[in-house]
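Below you'll find the structure, written out as structure tokens, and then a few comments.
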Amino acid sequence: MYTEKTKNKFDFLKGKDPVVMGVESSCDETAVAILKGRQVLSNVVASQIDIHRKYGGVVPEVASRSHTDVIISCVDKALSDAGLSLENIDCVGVTYGAGLIGALLVGVSAAKAICMAKDIPLVKVNHIEGHICANYINTELKPPFISLVASGGHTSIYKVSGYNEYEVLGATRDDAIGEAFDKVARLLGLPYPGGPQVDRLAKEGKPTIKFYKHDKGVNSDLSLSYSGLKTAVVNYIHNANQRGEDINAADVCASFTSEAVDLLVDTTIEAAKRSGLKTIVLAGGVAANSYLRAKLQTEGEKRGFTIKYPPIELCTDNAAMIAMRAYYSAVENVNYADMSLNARPSL
Ligand code: KG4
Ligand code: ZN
């Protein structure tokens, strides 16, 4: 498919700090970024939040169409913000899963087109690994470490042994934590996306309501679960509505947040203890949560762990993290994709 230059995959980049373009379109952000090593040259995010807000959540077909509308202008803006042209890009990394099929396909198609036209290699990027790699941007962080990925679609604890070695140590058995945050927000009539709204309101409330007791503490298999807690909050609100009682939304948010986060923090620390590793990094949209950041930091440091998390804008979906993940694939010559690359919604 490729010509001479790329037939040995990333070999032509040896000894060079490649300029990598990242493309992300797995859910409701169309994003393109350019990195040189760990340095961000540009980072463009076109959010669809305003489009989906009136529906109270992401409408997949609307998301795909919106990605199609803006992807080219995002590529153009990322290049002009970086002061570069496509000739300066050494390779392109694209999220090929997990995510919404129609949404993913827009980014995958755009990335393939650029690689084909410019004869540069394509890197397939797992979205969750991308979230973890947000922690490398503008930092000195090196593997090994433990990473907690908490987002709208995932809640998993990883052991990251090398730049291309990821092992799942524990994960949710049902819903993702971000999904639970969004559900609670919807029940309280807060606007989409709910996580940041629950975060804001929780600061005004007290964790006085016991929705769902985790009497057993950390599960021995390091698994987590959010569907029971979610249902308990649904029942609490419905029962109060039926009795005509007022709900203290701030207390609901504070109580839900501490129940959702406390066990997650304990489970992450247990995973870190078992691994013998000393660094824990946070990743994913829910890593923006102020209670989670503070709790993991205090509990972790108390036990001698170093805690790291990305700046808020790199926690939620962006393409800088995708370019960062692709960079370590290119320099270690893995995750090369040819033009048959397809989207993998449930990767
Ligand atoms: O990583 P992300 O942008 O997309 C996925 O890969 O899923 O995560 C989005 C999720 C949403 O559920 C959103 O409500 C949640 O992250 N989120 C938060 C906060 N900011 C975003 N949840 C709690 N507190 C926040 N401050
Ligand atoms: Zn994400």
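Whatever order the structure lists ligands and atoms in, that order sets their numbers, starting from 1. Bear in mind the structure is a predicted one, so any value in this text is a computation, not a measurement.
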query = Counting only heavy atoms not in K308, do more than 12 sit closer than 6.0 Å to its NZ atom?
reply = no
query = Out of curiosity, L105 CG to I101 CD1, how far, rounded to the nearest 0.5 Å?
reply = 4.5 Å
query = Which protein N, O or S atoms lie under 2.8 Å from the Zn ion (ligand 2), given by chain and residue number?
reply = H127 NE2, H131 NE2, D317 OD1
message = Heavy-atom contact check, 4.0 Å cutoff: does R200 meet ligand 1?
response = no
remark   = Per-atom filter on ligand 1: closer than 4.0 angstrom to a heavy atom of G153 are 7 (O)
query = Quick one: does S151's side chain have a donor or acceptor within less than 3.5 Å of a partner on G284's backbone?
reply = no
query = Out of G130, A150, A185, P196, whose heavy atom sits nearest atom 19 (C) of ligand 1?
reply = P196
message = Donor-acceptor check, side chain of N126 to backbone of A98, threshold 3.5 angstrom: yes or no?
response = no
query = Backbone or side chain, does any N or O of P193 fall under 3.5 Å from an N or O of ligand 1?
reply = no
request  = Just need the protein heavy atom nearest to atom 22 (N) of ligand 1, so name the residue and atom and give the distance.
outcome  = G195 CA, 3.4 Å
query = Do E61 and R65 meet the salt-bridge criterion of a basic N to acidic O distance under 4.0 Å?
reply = yes
query = Are the ring centres of Y136 and Y327 closer than 6.0 Å?
reply = no
query = Mind checking whether S290 has an N or O less than 3.5 Å away from an N or O of ligand 1?
reply = no
task = Using distance alone, decide if ligand 1 has a nitrogen or oxygen within less than 3.5 Å of any nitrogen or oxygen in N289.
result = yes
ask   = Transitively linked via ILVMFWY side-chain contacts under 4.5 Å: V58 with L190?
value = no
key: CD on E129 to CG on N335, rounded to 0.5 Å   = 7.0 Å
key: Any C27 heavy atom less than 4.0 Å from ligand 1   = no
key: Protein contact of atom 3 (O) of ligand 1 - nearest heavy atom, named by residue and atom, plus distance   = D317 N, 3.0 Å
note = among protein heavy atoms, the one nearest atom 6 (O) of ligand 1 is H127 NE2, 3.1 Å
ask   = In terms of residue, atom name and distance, what is the protein heavy atom nearest to atom 14 (O) of ligand 1?
value = D182 OD1, 2.6 Å
message = Once you measure the plane-to-plane angle for Y236 and F211, does it fall in the parallel (<30°), tilted (30-60°) or perpendicular (>60°) bin?
response = perpendicular
message = Which residue and atom name correspond to the protein heavy atom nearest atom 10 (C) of ligand 1, and how close is it?
response = G152 N, 3.4 Å
request  = Could you tell me whether the side chain of N318 and the main chain of T316 form a donor-acceptor pair under 3.5 Å?
outcome  = yes
note = Which of D28, D182, D50 passes side chain to side chain donor-acceptor pair (under 3.5 Å) with Y192? Answer is D28
query = Which atoms from ligand 1 have a heavy atom of S151 less than 4.0 Å away?
reply = 1 (O), 5 (C), 6 (O), 7 (O), 8 (O)
key: Protein contact of atom 21 (C) of ligand 1 - nearest heavy atom, named by residue and atom, plus distance   = G285 O, 3.4 Å
request  = Say whether, by atom type as modelled, one donor and one acceptor occur between the side chain of S47 and the main chain of E29 under 3.5 angstrom.
outcome  = no
inquiry  = Could you measure the distance from the CG atom of N235 to the NZ atom of K230? Nearest 0.5 Å is fine.
reply    = 12.5 Å
task = Please could you name the atoms of ligand 1 that H131 approaches to less than 4.0 Å, counting only its heavy atoms?
result = 1 (O), 6 (O)
note = for atom 15 (C) of ligand 1, nearest protein heavy atom and its distance come out as V286 CG2, 3.9 Å
Proximal atoms of ligand 1 relative to G178 (non-hydrogen, under 4.0 Å) = 12 (O)
query = Heavy-atom contact under 4.0 Å between E29 and ligand 1?
reply = no
ask   = Which protein non-hydrogen atom lies closest to atom 26 (N) of ligand 1, naming both residue and atom, and how far is it?
value = D199 OD2, 2.9 Å
remark   = dist I51:CD1 -> D69:CG (nearest 0.5 Å) comes out at 8.0 Å
message = side chain to side chain donor-acceptor pair (under 3.5 Å) for Y291 and D262? Distances and angles first, verdict last.
response = CA-CA 9 Å; Y291 181 83; D262 291 352; 2.7 Å; yes
